[in-house]
Amino acid sequence: MHVAVFSSKPYDEHFLGAAASGTHELDFLEARLTPQTAVLARGADAVCAFVNDQVNAAVLAEFKALGVGIVALRAAGYNNVDLDAAQRCGITIAYVPAYSPDAVAEHALAMMMALNRNIHRAWLRVREGNFALEGLLGFNMRGRCVGIIGTGRIGAAMVRIMLGMGCRVIAHDPVPDPTLGIAYLPLDAVLAEADILTLHCPLTPATRHLIDAATIARMKRGVMLINTSRGAIVDTAAVIAGLKTGAIGHLGLDVYEEEAGLFFEDKSDAMIGDDVFARLLTFPNVLVTGHQGFFTAEALTAIAQTTIANLAAFAATGRAVHEIAAPSAG
Ligand code: NAI
């Protein structure tokens, strides 16, 4: 198949190229997918898209006109896709349901530990010849209460890591996993008890701004909040207000509500026009990474292999291995 790969980076070329090994014609496009750039898929039978690409009704209508039969997401989350519009256009949406839950869970752990022990600040100090410890005080993880919101594939990996560190783990998920051996509680109880909260639920209408002024008010004062899921689960303005009053003690974000157009790009020569994002970067107890939870060699290999398997199956049978149905299709 001829595949237009949007938002592509050198690492996508490397891993997708290796997985395809010449079986598909891959056209690597740097452009992010938007209604304006969708036309770049002209001549392609398939599109490969990433997390900040807009797979909305206008884009899908354009793809239908161009004869694109499938959009293969090289991602697990699909909140950026209008599934009803895809169904109306007769375009298959494929994704990579599980590639390496450990990659994201381990990144969440890295954020927790860096924030707790002030590694980001210590690194800067030592480089300046400042070996003073004042301001770097951390806390032991053993015995702390960790609240996990969403215990699917990534959340379950997080549960195992936290139990291994001797933490008390509680969780909230509308679909509990009894094999994890942890207590599931109503959301409010998790918010009230957790010293550390880590978000691993998908972005849906129900979870949009799940963390807002009202939920922050129910958390333990000084809570550590980690979001490696999707930016819009957190109301950034409310979190900034919480940081200013000390209601939130540490904040680790791998995702940000307005990350599209910012993350995955080198903006070091540009000015950051987003004042909310810029304010976040001024807090010493905030650590932001640019959506890199998935970015391990193991995860990229698995993502590429599943994406190529989705495309190959669609070319052969008209069905991808992992398809997402429109919610209204039941
Ligand atoms: P999953 O589908 O295996 O698990 C999601 C879990 O969240 C399910 O158990 C579900 O029942 C639960 N859930 C749904 N609504 C909820 C709610 N209102 N409250 C609490 N729990 C709720 O998904 P997986 O693979 O664990 O991924 C989770 C999310 O992580 C993805 O949707 C994606 O947004 C994000 N992600 C981030 C990456 C990164 O690089 N930072 C990479 C991959 C995924």
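Note that this is a predicted model, so its numbers are computed, not measured. In listed order, ligands and their atoms are each counted from 1. In what follows, residues are counted from 1 in the order of the sequence shown.
Closest protein heavy atom to atom 20 (C) of ligand 1: H172 O, 3.5 Å. The shortest contact between atom 22 (C) of ligand 1 and any protein heavy atom is with P174 CD, 3.4 Å. Atom 41 (N) of ligand 1 has as its closest protein heavy atom T228 O, 2.9 Å. Looking from atom 7 (O) of ligand 1 to the surrounding protein, the closest heavy atom is P202 CD, 3.3 Å.
Looking at F294, Y99, Y184 and measuring to atom 43 (C) of ligand 1, the nearest heavy atom belongs to Y99. Relative to atom 3 (O) of ligand 1, the option among R153, H200, H107 with the closest non-hydrogen atom is R153. Evaluated by nearest non-hydrogen atom to atom 11 (O) of ligand 1, the leading choice among V104, D173, V51, T204 is D173.
Not a single N or O atom of N79, backbone or side chain, sits closer than 3.5 Å to an N or O atom of ligand 1. In terms of polar-atom proximity, D254 is counted as a contact of ligand 1, with an N or O under 3.5 Å from an N or O of the ligand. Considering backbone and side-chain atoms alike, R230 places an N or O below 3.5 Å from some N or O of ligand 1. Between Q292 and ligand 1, no N or O atom pair is found at a separation short of 3.5 Å.
Atom OH of Y78 is surrounded by 12 or fewer heavy atoms from other residues, nucleotides or ligands within 6.0 Å. Surrounding NZ of K244 are at most 12 heavy atoms belonging to other residues, nucleotides or ligands under 6.0 Å away.
A tilted orientation is assigned to the rings of F50 and H291, their planes being inclined by 30° to 60°.
Residues V104 and R153 are not in side-chain contact: their nearest non-hydrogen atoms beyond the backbone lie 4.5 Å or more apart.
No path of Ile, Leu, Val, Met, Phe, Trp and Tyr side chains, each step under 4.5 Å between heavy atoms, connects F314 with I93, placing them in separate hydrophobic clusters. Two different hydrophobic clusters hold I303 and F28 under the rule that ILVMFWY side chains link at heavy-atom gaps under 4.5 Å.
Taking a cutoff of 4.0 Å between a charged side-chain nitrogen and a carboxylate oxygen, R42 and E62 do not qualify as a salt bridge.
Between P101 and ligand 1 there is no heavy-atom distance shorter than 4.0 Å.
Ligand-side atoms of ligand 1 in range of G293: 40 (O), range being under 4.0 angstrom from any heavy atom. Here is the list of ligand 1 atoms found below 4.0 Å of a heavy atom in I149: 20 (C). Ligand 1 places these atoms under 4.0 Å from at least one heavy atom of T207: 17 (C), 18 (N).
Looking only at atom types and distance, the side chain of R218 has no donor-acceptor partner in the side chain of T215 under 3.5 Å away. The closest side-chain donor-acceptor pair between T306 and H322, if any, does not fall under 3.5 angstrom. Counting only N and O atoms by type, the side chains of T179 and D177 include a donor and acceptor under 3.5 Å apart.
Residue contacts with ligand 1, taken as heavy atom pairs separated by less than 4.0 Å, involve S229 via backbone and side-chain atoms alike. At a heavy-atom cutoff of 4.0 Å, ligand 1 is contacted by both the backbone and the side chain of I154.
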